[in-house]
Each structure stands twice: as structure tokens, then as C-alpha cells.
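We name chains A, B, ... by the order of the sequence lines, and we start the count at 1 in each one.
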There are 2 protein chains.
Amino acid sequence: MSQSDRSSVSRVRLVDVARAAGVSKTTVSDALNGAGRLPAATREHVRQVARRLGYRPNATARLLRAGHTRLLGLAAREYVETPWVYADLAYFGQLVNATTRAALAHGYGVVLLPTSGPDDCWLDMPLDGVFVVDPVAGDPMVGDFLAAGIPVVSDRRALAEAVSEAQTAGRWVDFDNEYAVRQVLDHLEEAGAERIAVVAGATTACFHQESVDAYQDWCAERGREPSIAYLPGPGIQQTLDAVERLLDGPVPPDALFTLVEVNPPLLLDTIRKRGRSVPDDLLLVCTTEDSAALYTDPPVSTLSFLPGETAGAAVELLVDRIEGREGDPGRLFSAELQIRASSAFPATA
Amino acid sequence: MSQSDRSSVSRVRLVDVARAAGVSKTTVSDALNGAGRLPAATREHVRQVARRLGYRPNATARLLRAGHTRLLGLAAREYVETPWVYADLAYFGQLVNATTRAALAHGYGVVLLPTSGPDDCWLDMPLDGVFVVDPVAGDPMVGDFLAAGIPVVSDRRALAEAVSEAQTAGRWVDFDNEYAVRQVLDHLEEAGAERIAVVAGATTACFHQESVDAYQDWCAERGREPSIAYLPGPGIQQTLDAVERLLDGPVPPDALFTLVEVNPPLLLDTIRKRGRSVPDDLLLVCTTEDSAALYTDPPVSTLSFLPGETAGAAVELLVDRIEGREGDPGRLFSAELQIRASSAFPATA
DNA sequence: TTGAAAGCGATACCAG
DNA sequence: CTGGTATCGCTTTCAA
């Protein structure tokens, strides 16, 4: 009576089955897990009873016993202040997707982590390892997990900033952002661009800072004036507005390279509305994972961060580390430039 | 030596801290959790030692003790065969996002569940409750969790198909699809449409079946000939092709209602390319969560499934049930029609 | 073959 | 105010 009102009947445990079947806990456990060598009759009897009572092993208890949880944490830290705003960003969506798929292939589940919250609340979750994407500078989350002895995959900078434990429990997945940006700029230059403008996010993400640096260096080497529009945050309208300002500026660019996720069809519409034509009049390369880029007219050249491949690598690194296998300390990737019609022809026709 | 090669040093436990500090386990636990009433000196001393040793409580053990995990499972079942293909679908992205946010607000984490796998592998995860979106007919996942006594939120049909446990541990979040579809059709009719064509997915999802039924009934009531294009699966190109076929068909529609997620800007491009103009020539309503619909020219009317609100309700229902609070058995929603310029003017200008 | 008992790691109750 | 001890539910070793 005292406990029946809480949750119908308290869940049936291993001992309940044992009692009902008239055997010991060990026998039940073995019978259900196919372990030990019991007579087939006993095994079957125990199974019947277990089924009849609706017995389900308690996952937490069995994990405590096993010493692992087969759960991986995933956190996207770029916009730490707003908890989980990856919604409109195709990149994060695909990353979550790919991470989950890769984890499942290794027998792990994925837990979406809070990016903010009371102190180190993330340590309360029973995780075997964590993948921290786009860590902020001196990221406390990376530090906390590493200090707790929980394997982490993040980028090199975050690991370097953390303490020495990083050497034993940290692995990295990183991007050669300078290489990628130069690849795009060189490509646009070859295609005839002389005034390449860039749209960047004013975020803490490594990518933006490194990319902007690389862009400025690249311009300096050629004695060109950099033209950058910074965005305060994600958001379609803000991005489109920034592009308009760029196009209407004193020295209109002949090529545009967006570093923030942007909806390719809408961007093209906006550009057309300003009276510019892609690619004849303006070359275009977008950093995006939005597959709509393939279907626009013209199809839009993109710089892709290969969420599928990087997530796969991250999970593999993490799982190797968790399961005690030696392996690479990390993997270096470069974003992939996929050239399509929006940047394929000379700008000065 | 025997264990040092597995993971550097085995994690430091509560007893280790107790021994090092020269006190008992209880004292350490109390000191760290702010419980009990210890002299400030002892408390501080224990904390120092704990910090020095880098002690972190084992989450699994503490969860076993607590009797709950504060973890919610989330599964999207519409395309069960392909594990986690919600990538390109804005709806699932936002749903995951909203569920995670709502769960965190209640102090719960979210685990992304496999949609397929060895038998009832999902029961191995330490979950307090599960949110099963778009369950398939006779969904085994719903049945398994319910049988295991783990609270489930899904739709009414899934709960009804499961056994009687559903009454105690099941809650539902459901949509009045017929109402929503009729709302759209009525709206289009008022705006002057006479031949409304529909693009539907050939999936197991309740929504498509119920919607198509509602559409056919609606047409029958008016003695109109239904015009439906079925899609074998998700995919931008397939959708656009289907629309083209519809527009080029023997009796071109004067209004289009898409039930599958589609990229609004691309859809508009496609329509324009067939020489049709929205809304003068063709009214348009899209079932989508893609916020790009707001920024197209003209802005596209949408039917939204309110992922934010439904996820919030689902989590609340689940948490109430888990924490033993009485509450509604479920919540009925209707997709929301957001009327914009693409369907606001008479088709026959 | 079967079962008793010892953990897994942390918390809560009571006696000291 | 502190510390032994039982407990959470399961697996596994080791005697019988």
C-alpha cells in the first residue's frame, strides 16, 4: 500500500524472479544471459518465469557492474550562451546525425550535453567519453572531463589549454583552416576575382578567427584591401543584410566568400535582387552543408566541413581510447572545396 | 602493474579520498555534497584532499543509488530502415533541439536512440523515460519500453496498440491531422483555388496517411478529383521532380499543398521555371519548419508542426509521469497554418 | 549443477 | 559531530 501508489508496482528485480522460480540469483542471471552451463530445462523454466513476471534487468545496475556506460557525450560549444541553437545550422544537424550513427555502429549511444548550466553539471551524466565540437577558449567543459579522467575528443587548442591529463585521455580532430581558406581564395583568384569580400561570424569559434587571419594574410601578400562583414550572430536576415551592405558598399566585390552558414537559394535571390548575376558578375563560394546548394541555378560552390567523416573519426578515436586500444593522437582534416558553377567561370566575362 | 596499462591510473574513488584525508566515506560524501553538519575545518580539509587527488564521483554509482538516471530517450521512427536520417529534415532537427532544451530545463539529458539494431538493444540504456516520435504501426520500441515499465510518450495509436501497461506508463502527444489538412484546404479554396494538388510521402508516418485520407474526403465532399503525387522517400530532387510532373500534368493545379518537407526557395524556383507565378498563378502552402519560408519572395505559407511546443509538452508529460505527479493523459495539437503571401491572394486574378 | 557471498561506488540511516 | 553498515540491482568468483 505504501509504495503501490508511486509507480503502479515497483519494478520486478532479479531476486524476485529467483524467488518465484525457486532458484538463486546466479542461476537466473546465467539463464537469461546464456552464461554458465545449466540444464536446458532449468534455463527454460527461469526464462518462462522471467517473462511471466515481465522482468527487465536494471540498466544502471548492470552498467555499474560492467564499469562502463557505452554512452558518449556530444556538445557543440560555438554559441555557448544560448543553449543548443544548432537548429538552423545544417552543419550541427548533420554532425549530430553522423555522430549518432557512428556511435551506434560501435555500440554506443549519444547524449546531447548542455552547453551551460549549474557549474559542472555535465559531470553528473554517466559518460564513457565526450566529443566537444567548437570548444571556446579555455573551455571549462573540456577541462572538467579531462580532470575527471573521462576521454575527450576536441581540437588541439582545447587540449593544449587543458592540463597534462590531456596527453593520456585527450584526442583531437582538427581542421587546417588556413589551408582551406587559401584554397578557396586561390580558386577565386584563378577564376578572375580581384576584390574578394568575406562574411564572417563574430563568434569565438576557432574557424572564424583563423579564417579571417588567413584571409587578411592572403590579402596582405597581394597588397589588397580586405573586405570583411562581421555578423553578431546566426540568423538568416542578418546574413542577407550583411551581404547587401557588402554589395552596395563603396567598392563592390567581384567575389563573395561566406564563412557563416547561409541558405544558398536565399543568398542567390538576394544577390540577384541587387542586380548582380552569379557567376558572370559575382563569383560565389559558401561555407555550408546545406544540400540545397546543389540544386540552385547556378549550383553553388561550397566549402564543406565533412561532418560525416569528422564525426566518424572522432567517434573512432574516442572508442579506441575508451576501450584501451592504442591509436593516433588525432586526425587533421581540411574542409573540402566543392567547385560548382557559381565560381567556375571568369568573373570578368 | 596489472591495471596501470589500461587507463593510466584507475580513477580515484570515494574511499581513496577518505583514506587520504583520514576520515570515513560518509564524512567525505557529506563534505562534498554540503550535507550533514560538519565543522567547517573538516569540510574544507576534505575538499582540499579531494581536489588534490582529482576526485570525481562516479555518476553511474550515484545514479544507481538515486534510483533514476535523469536521462530521456528520443527516437524518430518515421524512416526506421535507415538509422537516423533526420539530417535534411528541418522538422527533426528542431524537434531534437527543442526536446533537448526542454529536457535540460527539467534537469534531464537526452539520449538519441537507435531506430534499429539487435533485438531490444535500446533497453540496455539507462533511461527514465522515452519520447518516440512518429512510431511505426505496432511499434516494438514502444511496446518494449512499456513492458519494461519505462514511461513512454508517443501518439495515441502507438499506445493503444501496446498492452495494458500503456495506461499506467504511457502518455501521448498527438495531432489532429484531419483538422489541419482541412484548414489548409479551406483556406486555399477561400483564396480561390479550384484544383488543389498535394505532394505526399509514401511513408508509414501517421501524418501522411491521415492527411491523404482527409484530402480525399474533402475532395469527395465537393465532387472534385484528387491529385496526389507520392514520393518514395525524402530527397530534394525527388520532391522537385514530383512538383514538375504535377505542374506539367494534363490538368495543371491552381494550388499546391506539400505534405513533405521541402526547401521553400528551391520549390519557388522550380515553380517559376515552369512558367508559373506565385501567388497570382498558383497558390502555395508547404508543410515545413524551414525558416527560409519567411524570407522568400513571396514569403511562403507554411503548415508547422510546432516542434518547440510539442517537444515541450512531451517532456513535461514524461517528467510528470517519471516523478510520480499526476497529470493529463496526453495533449492534442493541431499543426499551425501560417498564412503568408504565397497563398493570400485570389488565384484567379 | 547450484548457491552464497563479495564486490561495483556512492549515499543514508543510526548508533556511538 | 562522526563512522560503521546496509542498500541500490546486477554479475562473477568460488565453495559446496
Participant: Can you tell me how far C1' of dT1(C) sits from CD of E44(A), to the nearest Å?
Facilitator: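 After rounding, the gap between these two atoms is 18 Å.
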Participant: Answer yes or no: are there more than 12 heavy-atom neighbours, outside R331(A) itself, under 6.0 Å from its atom CZ?
Facilitator: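 Count not over threshold, so no.
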Participant: Think T42(B) has a side-chain N or O under 4.0 angstrom from the OP1 or OP2 of dT2(D)?
Facilitator: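 Yes, within the criterion.
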Participant: Do R62(A) and D124(B) pass the salt bridge (Lys or Arg N to Asp or Glu O under 4.0 Å) test, and can you show the C-alpha distance, the side-chain angles, and the key distance before you say yes or no?
Facilitator: CA-CA 9 Å; R62(A) 119 189 308 195; D124(B) 291 341; 3.4 Å; yes
Participant: Grab the CG-P distance between D124(B) and dG9(D) for me, whole Å please.
Facilitator: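 So the two atoms are 18 Å apart, to the nearest Å.
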Participant: Is it possible for you to check whether R70(B) lies under 6.0 Å from the centre of the six-membered ring of W122(A), through NZ or CZ, and within 45° of that ring's axis?
Facilitator: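 Here R70(B) fails the 6.0 Å and 45° test against W122(A).
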Participant: Could you tell me whether D174(B) and R156(B) make a salt bridge, using a distance below 4.0 angstrom between a side-chain N and a carboxylate O?
Facilitator: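 Judged by the 4.0 Å cut-off on N to carboxylate O distance, D174(B) and R156(B) do form a salt bridge.
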Participant: Whole Å only: how far is the NE2 atom of H68(B) from the C1' atom of dA10(C)?
Facilitator: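 My rounded result for the distance is 13 Å.
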Participant: Rounded to the Å, how far apart are D16(B) CG and dG9(C) P?
Facilitator: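 Checked: the CG to P distance equals 9 Å.
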Participant: If you define the side chain from C-beta out and look only at heavy atoms, does anything of L63(B) sit under 4.5 Å from T60(B)?
Facilitator: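 L63(B) does not reach T60(B) side chain to side chain.
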Participant: Rounded to the nearest Å, what distance is computed from the CG atom of residue L63(B) to the P atom of nucleotide dC10(D)?
Facilitator: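 Taking CG of L63(B) and P of dC10(D), I get 16 Å after rounding.
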Participant: Rounded off to whole Å, could you give me the CZ-to-P distance for the R56(B) and dA10(C) pair?
Facilitator: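 My rounded result for the distance is 12 Å.
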Participant: Expressed in angstrom and rounded to an integer, what is the separation of R13(B) atom CZ from dT11(C) atom P?
Facilitator: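 Going from CZ in R13(B) over to P in dT11(C) covers 14 Å.
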Participant: Of G22(B) and A61(B), whose nearest nucleotide on DNA chain D comes first from the 5' end?
Facilitator: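 Nearer the 5' end of the strand: G22(B).
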Participant: Summarise protein proximity over nucleotides 11-16 of chain D in one line of letters, 5' to 3': B for base, S for sugar-phosphate only, - for none, counting protein heavy atoms closer than 4.0 Å.
Facilitator: BBB---
Participant: What's the closest nucleotide to the S24(B) side chain, out of dA10(C), dC10(D), dG4(D)?
Facilitator: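 So the side chain of S24(B) is nearest to dG4(D).
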Participant: Hey, mind stepping through D30(B) and R43(B) against salt bridge (Lys or Arg N to Asp or Glu O under 4.0 Å) and telling me if it holds?
Facilitator: CA-CA 8 Å; D30(B) 286 349; R43(B) 176 156 299 173; over 6 Å; no
